[in-house]
Amino acid sequence: MTNREGEMRKYIHVLSIVIRNSFYKASAYRANFFSGLITDFCFNLSRIVFVNILFGHADTLGGWNIHHYQLFFGCSFLAESIYMFFFYNSHTTISRRIICGDMDFLLTKPMAEIFVLSAMDVNLGSGISNFVLGMSFLSMGVNGLDLEIAPGRLALFGFLVLCGSMIYFSLSLMINLLSFWVVNANSVFDLFMNITDLYRYPGDLFPRVVSSVITFVLPLQFIAILPAGWLMGDSGAGSEVGVEVGILAGIYAAVFMLLGYCLLRRAIGRYSSVGS
C-alpha cells in the first residue's frame, strides 16, 4: 500500500467514525433529531409552497412551467443535501471554535486543516430531509415532463450535481473563514444563505447583468439549473445544455476549491493560538 492510499484510508476511516457517532447521538436524543428533521422539511417545503402559489396565477414563469421548477428544486435539494450532510455543521461553527479556543484542538490534529474544519460534524437531519425532498421533486419533474433519461446522461447529471455541491462548499468555506479576521462572520453567512436561493431559479428570470453575475462570477447557476438543463436536454424551454457544460462545471468547481484552500492557508497563517 502506498502512502497516498494509506492517507486516503485514514480519512475515510475518520469520516466513517464521525458519521457513526452522529447516528449514535441522533438515536440517543430522538426527540431533538426528529424535531429538527420536521423543521427542516417545513422550511424547505415553504419554498415550494411559494412557487405553487405563483403557478396558481400563471401557467409559466419565464417560459418555464411547474414541472421545470420541480426539476430545478429537486436538483438544488440534491446538491444541498451533500453539503448539509457533510459540511454545514463544521463550517457554521468555525467562528464559535475560534472564540472558545477549540480551534487549537482541531489544528493540532495530524490531518489536513481543510478536513478538520469541514467534515468533523455531520448534519443528519438537514442532509436526509434535503435528499428526500430532492429525489421526490426530481421524480415529479421527470415524470411531469415525460423525460426518458439514458444511463450516460444520468452519469453526467450526477457529476454536475457533485460539482455544484463542491462550488457551494467552497463559497461556504470562504465566507466562514472570515471568522479568522472578524469576531463573528455568521451574519455574513446568513446573508449568503439567502442570496444562494437564487440558484433555484433559471437565470433568464433576472436582468442580464444579474444573470451573468450568478452564472460566471458567483456561479450559483452551476449548482442546480445546469444539472436540470442537462436532464431536460432539448425538451426544456431554454437552450440545450451540452457536454461542454460538464467540463466548465468541473473547471469552476476546481477553481473555487483552490480559492477556498488558498484562503484557508492565509487564515491559518494569521491565526494566533489562545493557549500559552
Tell me, do Phe72 and Ile225 make a side-chain contact under 4.5 Å, heavy atoms counted?
-> yes
For the residue pair Gln221 and Tyr201, what are the closest heavy atoms and their distance?
-> NE2-O, 3.0 Å
Joint cluster assignment, Ile82 & Tyr11, ILVMFWY side-chain distance < 4.5 Å = yes
Ring pair (Phe, Tyr, Trp, His ring centres under 6.0 Å) partners of Phe189, counting only residues at least two apart = Phe192
Between Leu145, Leu226, Leu138, which is the residue that forms a side-chain contact (heavy atoms from CB on, under 4.5 Å) with Leu231?
-> Leu138
Over all heavy atoms of both residues, which pair between Val116 and Met111 is shortest? Give the atoms and the distance, please.
-> CG1-CB, 4.0 Å
Rounded to the nearest 0.5 angstrom, the SG-CD1 distance for Cys163 and Ile223 is 11.5 Å
In the single-linkage hydrophobic clustering (I, L, V, M, F, W, Y; side-chain heavy atoms under 4.5 Å), do Val213 and Val210 co-cluster?
-> no
Considering only heavy atoms from C-beta outward, does the side chain of Tyr261 approach that of Leu173 to under 4.5 Å?
-> no
Value for CG (Leu124) from CE (Met84), rounded to nearest 0.5 Å, stands at 13.5 Å
Do the side chains of Leu78 and Phe131 get nearer than 4.5 Å, heavy atoms only?
-> yes
All heavy atoms of Pro219 vs all of Ile167, minimum pair found to be CG-CG2, 3.9 Å
Donor-acceptor pair, Ser139 side chain versus Met135 backbone, under 3.5 Å?
-> no
Hydrophobic cluster membership, Ile19 vs Tyr24, 4.5 Å side-chain cutoff | no
May I have the step-by-step check of side chain to side chain contact (heavy atoms under 4.5 Å, CB included) for Ser76 and Tyr199, ending in yes or no?
-> CA-CA 7 Å; Ser76 69; Tyr199 71 73; 3.1 Å; yes
Measuring from Tyr271:OH to Glu113:CD, what's the distance to the nearest 0.5 Å?
-> 12.5 Å
Asn143 vs His67, side chain to side chain contact (heavy atoms under 4.5 Å, CB included): CA-CA, chis, key distance, verdict = CA-CA 8 Å; Asn143 291 332; His67 300 302; over 6 Å; no
pair Ile12-Arg9: side-chain heavy atoms closer than 4.5 Å | no
Look at the rings of Tyr69 and Phe73 and say which category their plane angle falls in: under 30° parallel, 30 to 60° tilted, over 60° perpendicular.
-> tilted
Taking the side chain as every heavy atom from C-beta outward, state whether Leu71 and Val142 have any pair of such atoms under 4.5 Å apart.
-> yes
The reported gap from OG in Ser90 to CZ in Arg97 (rounded to nearest 0.5 angstrom) is 6.5 Å
Take Met232 and Trp64 through the side chain to side chain contact (heavy atoms under 4.5 Å, CB included) test and state the conclusion after the steps.
-> CA-CA 12 Å; Met232 289 186 290; Trp64 308 89; 3.5 Å; yes
Quick one: CG on Leu171 to CZ on Phe256, what's the gap to the nearest 0.5 Å?
-> 5.5 Å
Are Glu80 and Arg200 side-chain neighbours, meaning at least one heavy-atom pair lies under 4.5 Å?
-> yes
Using atom types as modelled and distance alone, determine if a side-chain donor or acceptor of Ser170 lies under 3.5 Å from a backbone N or O of Met166.
-> yes
Atom of Val14, atom of Met120 and distance for their closest heavy-atom approach = CG1-SD, 4.4 Å
Can you list the steps and then say if Tyr88 with Ser126 is a side chain to side chain donor-acceptor pair (under 3.5 Å)?
-> CA-CA 9 Å; Tyr88 176 80; Ser126 294; over 6 Å; no
Is it true that Leu258 and Phe216 fall in one hydrophobic cluster, defined by side-chain heavy atoms closer than 4.5 Å?
-> no
To the nearest 0.5 Å, what is the distance between CG (Leu107) and NZ (Lys109)?
-> 10.5 Å
Kindly indicate whether the side chain of Leu198, heavy atoms from C-beta on, has any atom under 4.5 Å from the side chain of Phe206.
-> yes
Report yes if some heavy atom in the side chain of Thr93 is under 4.5 Å from a heavy atom in the side chain of Asp102; otherwise report no.
-> no
In terms of heavy-atom contacts, Tyr83 and Ser172 come closest through OH-OG, 2.5 Å
Under 3.5 Å donor-acceptor, Ser211 side chain and Arg208 backbone = no
Answer yes if the ring centres of Phe86 and Phe169 are under 6.0 angstrom apart, and no otherwise.
-> no
Minimum heavy-atom distance Thr215-Phe222, with the two atoms named | O-CE1, 3.1 Å
What do you reckon, is CZ of Arg266 surrounded by more than 12 foreign heavy atoms closer than 6.0 Å?
-> no
Same apolar cluster: Leu177 and Leu259, side chain cutoff 4.5 Å | yes
